[in-house]
Amino acid sequence: MLLSMQNISKSFAGIPALREASLEIAPGEAMALVGQNGAGKSTLVKILTGAYTRDSGTIRFGGRDVAFGSPAESQAGGIATIYQEINLAPQRSVAENIYLSREPRRFGFLDRAAMREGARKVLKTFNLDIDVDLPVARFSAATRQMVAIARSVTQNARLLIMDEPTSSLDEREVVVLFETIRTLKKRGVAILFIGHRLDELYAICERVTIMRDGQTVAVSDMAAMPKMELVRHMLDRELAAFQAMASSKVEGPEKPVRMEADAIGSGVRVRDVDLTIRQGEISGLAGLLGSGRSETARILFGDDRFDKGSLRFEGQERRYREPADAIADGIGLVSEDRKVDGIIPDMSIRENMTLALLPRLRKAGIVDRARQEEIVRHFIKALGVKCASPDQPIKELSGGNQQKVLLARWLCTDPKVLIVDEPTRGIDIGAKAEILKLLRSLADEGLSVLMISSELEELLAAADRVTVLSDGRSVAELPRAALSEASLLAAMAHQDAEHQNPAGNVS
Amino acid sequence: MFPAILKPKTSGDLARLCVIVALFGLIAFGALRYDNFLSSFNMLSFLRYNSMFCLIALGMAFVIISGGIDLSVGAVAAMASVCAAMLSNHSWYAGLAAGVGAGLAAGLLNGFMVAKMRIQPFIATLAMMLAAYGTALLLANNQSVSVSYETGFTIIGQDDFLGFPIPAWIALAAFVLGWIVLERRPSGRHILAVGDGEMTAKLMGLNVDRTLVAVYAISGALAGLAGVILASQFGAGQPTEGIGWELFAIASVVVGGTLLTGGSGSVGATLAGALLLSMVFNILNFENGLGWISLSAYWQSVIRGGFLLVVVVLQARLNKHSHEGAAA
């Protein structure tokens with residue numbers, strides 16, 4: 001083995017991120033590393049590269065025990081990392097980026113000729129013929145990635161870590177990338193490939209390591225691990241806690257359509273999505289990480305524009321230019337990351353809740369405090385927000401109560417469609433059930449809810465129908481009657497026959 | 001420098017080419033409109049007086065290229081002028097060393113605050129600016145400090161060498177060295193890479209902290225040198241001089257095509273930017289001399305401001321344009 005990480009544990013502020021995780025890679029092998037958000041993949045990689053220090057466990061690399069203290073040390077030791085986006089200095093030239101920190105010198109000065117020549121030569125081995133004096137920002141994501149790989153090759157890396165390397169590439173570029181990876185493998189370079197697109201993993205990797213909840217739950221040859229099995233390993237959770245609250249609704253006639261996306265697409269993240277949101281229903285949006293769920297939500301909310309397909313709201317063609325347009329139609333979005341683009345921690349519950357409503361609360365240009373107070377009190381009661389007073393800073397509330405305030409922020413604008421992205425992330429189990437119940441009763445009152453979730457049990461418990469995305473495409477729409485763990489898993493592990501395997505056969 | 005800059009590969013290159021063209025344009029305008037504009041007397045006194053501004057602009061360019069800002073340069077120059085004046089009676093080089101040393105110390109402290117204590121450059125150097133003004137006033141007892149005329153200290157700011165003002169020689173040397181460091185030494189590339197993104201630079205194995213300390217030290221030392229020239233030229237350490245110099249330096253750097261966001265910039269264009277903004281004042285004097293209009297010196301600030309605005313708008317246009325036409 002080139003790399004052997006054993007029994008690696010790591011906690012942050014007492015909360016374990018890794019529990020006795022392990023990872024082994026042989027020279028010339030491509031190892032897939034998969035897992036849901038929070039499974040511990042990136043923590044494990046950061047410990048390997050020296051960005052984090054481990055609490056316990058051993059790492060052997062190239063036959064020696066190692067403990068890299070920084071990314072620079074692990075680089076010098078032969079481990080290179082290709083991050084998703086930020087691994088090059090965008091305004092520096094291609095040649096400089098390849099040699100930065102190890103510039104060829106003559107008498108202490110830069111040897112620009114040698115730098116150019118070396119850069120051209122190494123890029124040529126990957127069939128890339130570009131002007132190495134241009135800043136890298138001028139090139140496509142695929143070319144930038146090649147430059148990053150070329151950089152690692154000139155550093156004599158023996159292990160190349162690629163973190164979602166295909167996330168911003170189109171299919172043709174993926175083919176080129178995989179060709180490069182094969183070349184590297186032939187030279188004996190080991191690849192750690194972190195990704196979510198299953199087809200790609202099967203196309204390029206020999207083995208797979210699956211992580212869940214900070215542990216390594218399975219290691220297998222790719223060929224011996226069917227897709228369904230792989231997805232099950234990634235997602236496996238307790239279902240019991242949710243089964244009790246499955247919808248009591250009986251299947252009735254189809255409800256009227258409120259919003260409809262038809263073959264919508266934008267860039268490489270969202271390629272072809274059909275989606276129907278009905279009045280008084282909770283529509284689920286499922287898919288693995290990176291399948292384009294949040295991106296689809298952003299399009300519906302007018303935060304991203306679509307370049308393909310069409311969008312209809314209550315039967316009328318729509319092309320939102322910005323969220324304000326969507327909001328005017330009565331669409332609300334509670335985003336995935338409460339902390340980043342949801343709550344304003346130091347402001348009070350009252351202020352947080354009425355942020356979206358403020359323009360309508362004006363009376364002669366100033367906020368009508370009496371009405372604001374009335375609305376806030378109503379929603380605190382209606383949603384059961386547990387707080388000392390409306391003027392308590394929102395950061396003092398629990399995750400579940402913060403989420404309720406965010407829901408109330410949209411509800412008080414009286415929306416027609418509410419998009420909730422991972423509504424129960426980071427919330428304890430009791431509060432989860434409460435949030436889902438709340439969404440249910442809102443839907444029963446006629447609101448259309450689009451719920452994005454990575455948790456199968458949540459979708460099974462709450463959704464009236466689920467659209468499954470895979471690699472930016474909607475691959476299934478499952479009505480209530482067809483919803484089951486098995487049917488969801490099967491759809492998420494989907495392999496479209498027409499959608500060509502991007503890089504040929506398993507190598 | 002010139003062959004590279006005449007073949008613009010990026011929008012930054014183009015912006016820098018523009019400022020050099022604009023500088024020559026302004027010189028041509030002056031030469032055609034005013035009789036004595038190109039006279040050696042005017043040109044040499046112009047260079048003698050403006051060399052110190054060019055020096056602080058150079059230091060500022062390094063800091064801004066690294067992604068930071070140095071608001072303390074004016075105050076540090078004032079403090080350095082006082083230190084230099086106080087020690088100028090020992091020997092001319094004691095005065096020189098005192099001024100440059102005081103500037104370097106302030107710069108190192110700035111670098112330490114920014115790199116090690118992770119204080120925002122704006123705040124760290126603002127604190128340094130206040131502290132340096134205070135120190136200058138304390139040392140000078142709130143008045144100008146006369147320099148010694150016996151030790152030859154005044155030669156630095158007032159005399160010529162080979163018919164060219166000594167301050168201009170100093171500035172020229174500093175710009176040549178600065179160009180070599182930025183363009184031909186690996187450390188210069190590291191400064192650019194750090195300005196392009198500290199996280200990325202760190203991930204690429206660069207010593208970001210050392211680079212940051214170095215740029216603030218360079219800026220401080222050059223501000224100190226400017227302070228020495230100030231004291232020498234005017235015969236006194238000036239604790240209350242230097243107010244607004246940092247803004248002039250920032251304006252010069254921006255006019256010179258350097259992005260305030262860091263990661264791009266050139267030494268040559270910074271010099272052109274500084275000279276361009278300085279020349280506005282010179283031209284204004286000549287225009288008043290013609291007798292048709294009479295604009296007070298206060299107008300120079302307004303005109304410089306207008307100039308800055310035009311340049312920034314043009315740069316934004318160029319940037320947008322080149323992004324839309326980006327290579328595949």
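All chains are named by letter (A, B, ...) in the order of the sequence lines, taking the proteins before the strands, and each is independently numbered beginning at 1.
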Asks: Determine the option with the most heavy-atom pairs under 4.5 angstrom with chain B, choosing from A:D111, A:I130, A:L110.
Replies: A:L110
Asks: At a heavy-atom separation under 4.5 Å, does A:R102 approach chain B through its side chain, its backbone, both, or neither?
Replies: neither
Asks: Do you know the tightest heavy-atom contact between B:S264 and A:Q91?
Replies: CB-OE1, 2.8 Å
Asks: Could you pull out the closest heavy-atom pair between B:A193 and A:L100, with the gap in Å?
Replies: CB-CD2, 3.3 Å
Asks: To the nearest 0.5 angstrom, please state how far the CE atom of B:M204 sits from the OG1 atom of A:T81.
Replies: 12.0 Å
Asks: Tell me if the CZ atom of B:R210 is crowded by more than 12 foreign heavy atoms within 6.0 Å.
Replies: no
Asks: Calculate, to the nearest 0.5 Å, the distance between atoms CZ and CZ belonging to B:R189 and A:R112 respectively.
Replies: 5.0 Å
Asks: Please name the pair of heavy atoms, one in B:P186 and one in A:G108, separated by the smallest distance, quoted to 0.1 Å.
Replies: CD-O, 3.6 Å
Asks: Using non-hydrogen atoms only, which part of A:R105 is less than 4.5 Å away from chain B: side chain, backbone, both, or neither?
Replies: side chain
Asks: If you count heavy atoms of other groups shown closer than 6.0 angstrom to CG of A:D129, is the number above 12?
Replies: no
Asks: Got a sec: does the CZ of B:F161 have more than 12 other heavy atoms crowding it under 6.0 Å?
Replies: no
Asks: Given the options B:L206, B:L192, B:N207, which has more heavy-atom pairs under 4.5 Å with chain A than any of the others?
Replies: B:L192
Asks: Quick one: pull up OG1 in B:T200 and CZ in A:R92 and give me the separation to the nearest 0.5 Å.
Replies: 13.0 Å
Asks: I'd like to verify something: which residue of A:A72, A:P71, A:A89 has the highest number of heavy-atom pairs under 4.5 Å with chain B?
Replies: A:A89
Asks: Within the side chain of A:E103, is there an N or O that forms a donor-acceptor pair under 3.5 Å with the backbone of B:R185?
Replies: no
Asks: Count the heavy atoms belonging to other residues, nucleotides or ligands that lie under 6.0 Å from CD of A:E322, then report whether that count exceeds 12.
Replies: yes
Asks: Can you confirm whether more than 12 heavy atoms, excluding those of A:K121, are under 6.0 Å from its NZ atom?
Replies: no
Asks: With a 4.5 angstrom heavy-atom cut-off, could you sort out which part of A:N97 is near chain B: side chain, backbone, both or neither?
Replies: both
